[in-house]
Amino acid sequence: MKIKYDLIKKEKNTNARCGIIHTNYGSYETPMFMPVGTQATVKTLSKEELKDLNSAIILSNTYHLWLRPGVDVINKCGGLHSFMNFDGPILTDSGGFQVFSLAKNKKKDITEEGVHFKSHIDGTPLFLTPELSIEIQNKLDSDIAMSFDECIPYPADYEYAKNSTLRTLRWAKRGKDVFNNERQSLFGIVQGGEYEDLRRLSAIETVKMDFDGYAIGGTSVGEDKTTMYKMIDYVMPHLPENKPRYLMGVGDPIDIIEGVIRGIDMFDCVLPTRIARHGNAFTNKGKINIKNAKYKYDFTPILDNCDCYTCKNYTKAYIRHLIVANEALGQRLLSIHNVRFLIRLTEDLRECIKNNTLLEYKENFIKNYRGENESSN
RNA sequence: GCGGAUAUGGUGAAGGGGUUAACACGGUGGAUUGUGGUUCCAUUAUGCUAGGGUUCGAAUCCCUAUAUCCGCC
């Protein structure tokens, strides 16, 4: 079935809203955070661990799975859910962002037809088009597919941004025309760079194509926070109330709060799992680096009263040792904590929306989160 | 006891008279936003076993001492 969005409650003091997304695998409240599992795995986490985190939708990636293990492998297995043995909803990214992120400093050729670029694994020349991206996602059989877009770099001049934005709209249409999977939903992606009129145009024209949900892309690509929040503000008034709104690639706790205040329902980000692998953990008082010498003899949990498995069982000194010794368990324990931290943040935000206390919560959260960093460094 | 070789940071080491002692590991910080699993950046020896000498200038040449290693009594 196509996903469906029901609005539960709008917050009084902001544009924030709480809703329910109905999927093939159950119904989940928004705002929600989606952990990223690019290569058909949320790195280091098992499906049981994901369930314990109260994780809803997870993200996977068209480009990566296309290259490895190959679409035919997953298709022959009966789709991505069966291949991963994951019985929850999966969203697949289109591959558009990988052209930006993996081929950032390499030769790539963006044409009207599609994008020529080289495999990050072995350098094989590749050609990805809107049609091919959708065809692959149809075969992967994820629950939500994303339109193939171009993520505009920042900064980009107006002419570039305009041409790119218009081309992304044409790509969205081409993708939608070949889309062919009854149980799968398709989201459109709003681009437009940093320019208000282009963002507005992109939103209005994308919505006209009638997708099952709408994403804001092209944020968190190096722009400052103010610019990023503006990019969201430009777009939100033009998105329909009865469809989910997804801010792509954003996972900094404060950015999530700012996004929710502006009416975003869904977030995804590699941040919690990536920084975990490099020894960082979210706390209410800011991000900490567990490798710091000051934690060598710290036999307390990362975060007091945290409800995650890691904090209930292990100390900072032990996790520090694991990370310093490059042990896989360390990466896993921090991933568990960090993902749970963001999911719990969205759970708190939902409560705030229901109680109309979002602004108060934000003020408190930011005061705590930023305060510690200044005094301890 | 005699002869020979070698002494450079926490570690392995480069440099064989010319301004701030290479590089690697380790240590210490930082970064990370539609993934970059082992990544990236910064920083880390005011000093070359000790003492003396030659020289405008010594980690580099000379002398003595000490330590380690290898031979021979």
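Each chain gets a letter, A, B and so on, in the order the sequences are listed, and its residues count up from 1.
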Point to revise | Atom-to-atom span, CD1 of A:Ile232 to C1' of B:rU33 - whole angstrom | key: 12 Å

Point to revise | Salt-bridge contact A:Arg340-A:Glu49 (side-chain N to carboxylate O under 4.0 Å) | key: no

Review point. Which value, in whole Å, describes the distance between the P atoms of nucleotides B:rA14 and B:rU6?
Key: 12 Å

Check your understanding: Within the structure, does a side-chain N or O atom of A:Lys291 lie under 4.0 Å from either OP1 or OP2 of B:rG27?
Key -> no

Check your understanding: With sugar-phosphate meaning primed atoms plus P, OP1 and OP2, does A:His120 contact a base, only sugar-phosphate, or nothing at under 4.0 Å between heavy atoms?
Key -> nothing

**Study point:** Donor-acceptor pair (no angle test) under 3.5 Å: A:Asn326 side chain, B:rU38 base
**Key:** no

Exercise for review: Looking at every strand, decide which applies to A:Gly218 at a 4.0 Å heavy-atom threshold: base, sugar-phosphate, or nothing.
Suggested key: base

Check your understanding: Within the modelled atom types, does a donor on one side and an acceptor on the other bring the side chain of A:Lys294 and the base of B:rU28 under 3.5 Å apart?
Key -> no

Check your understanding: Should the pair A:Glu48-A:Lys51 be classified as a salt bridge under the 4.0 Å nitrogen-to-oxygen rule?
Key -> no

Check your understanding: To the nearest angstrom, how far is A:Leu334 atom CG from B:rU32 atom P?
Key -> 17 Å

Exercise for review: Using only heavy-atom distances, decide whether a donor-acceptor pair under 3.5 angstrom links the side-chain of A:Arg277 to the base of B:rU35.
Suggested key: yes

Check your understanding: When A:Lys354 is tested against each of A:Glu347, A:Glu29, A:Glu11 for salt bridge (charged side-chain N to carboxylate O under 4.0 Å, His left out), which residue passes?
Key -> A:Glu29

Check your understanding: OP1 or OP2 of B:rU33 sitting under 4.0 Å from any side-chain N/O of A:Ser220?
Key -> no

Exercise for review: Report which part of the nucleic acid A:Leu59 touches: base, sugar-phosphate, or nothing (heavy-atom distance under 4.0 Å, all strands).
Suggested key: sugar-phosphate

Check your understanding: Taking only N and O in the side chain of A:Asn292, is any of them less than 4.0 Å away from OP1 or OP2 of B:rU28?
Key -> no

Review point. Who does B:rG34 pair with, Watson-Crick or G-U, both distances under 3.5 Å?
Key: none

Point to revise | Side-chain N or O of A:Lys43 closer than 4.0 Å to phosphate OP1/OP2 of B:rG37 | key: yes

Exercise for review: With heavy atoms under 4.0 Å as the rule, sort A:Lys296 into base, sugar-phosphate or nothing.
Suggested key: nothing

Check your understanding: Could you state the CD1-C1' distance from A:Ile290 to B:rU28, rounded to the nearest angstrom?
Key -> 16 Å

Review point. Atom CG of A:Asn280 and atom P of B:rG29: how far apart are they, to the nearest Å?
Key: 12 Å

Review point. Applying a 3.5 Å limit to both distances, which nucleotide forms a Watson-Crick or G-U wobble pair with B:rA24?
Key: B:rU11

Practice item. Tell which nucleotide pairs with B:rA59, taking only Watson-Crick or G-U wobble pairs whose two distances are both under 3.5 angstrom. Key: none

Check your understanding: Is there a side-chain polar atom (N or O) of A:Gln331 under 4.0 Å from OP1 or OP2 of B:rU38?
Key -> yes

Practice item. For B:rU32 and B:rG12, measure between their C1' atoms and round to the nearest Å. Key: 32 Å

Practice item. Could you please name the partner base of B:rU68, counting Watson-Crick and G-U wobble pairs only when both distances are under 3.5 Å? Key: B:rA5

Check your understanding: Is the closest side-chain heavy-atom distance between A:Ile216 and A:Ile264 below 4.5 Å?
Key -> yes

Check your understanding: Can a salt bridge be assigned to the pair A:Asp252 and A:Lys225 using a cut-off of 4.0 Å between side-chain N and carboxylate O?
Key -> yes

Exercise for review: Please indicate whether A:Arg68 has more than 12 foreign heavy atoms, meaning atoms of other residues, nucleotides or ligands, lying under 6.0 Å from its CZ.
Suggested key: no

Practice item. Would you please confirm or rule out a distance under 4.0 Å between OP1 or OP2 of B:rG30 and any side-chain N or O of A:His278? Key: no

Review point. With a 4.0 Å cut-off on heavy atoms, is A:Gln191 in touch with a base, just the backbone sugar-phosphate, or nothing at all?
Key: base

Point to revise | Rounded distance (Å) that lies between atom C1' of B:rU28 and atom CG of A:Asn289 | key: 11 Å

Review point. Between the base of B:rG34 and the side chain of A:Asp149, is there a donor-acceptor distance below 3.5 Å?
Key: yes

Review point. Which whole-number value in Å describes the distance from A:Arg274 CZ to B:rU35 C1'?
Key: 5 Å

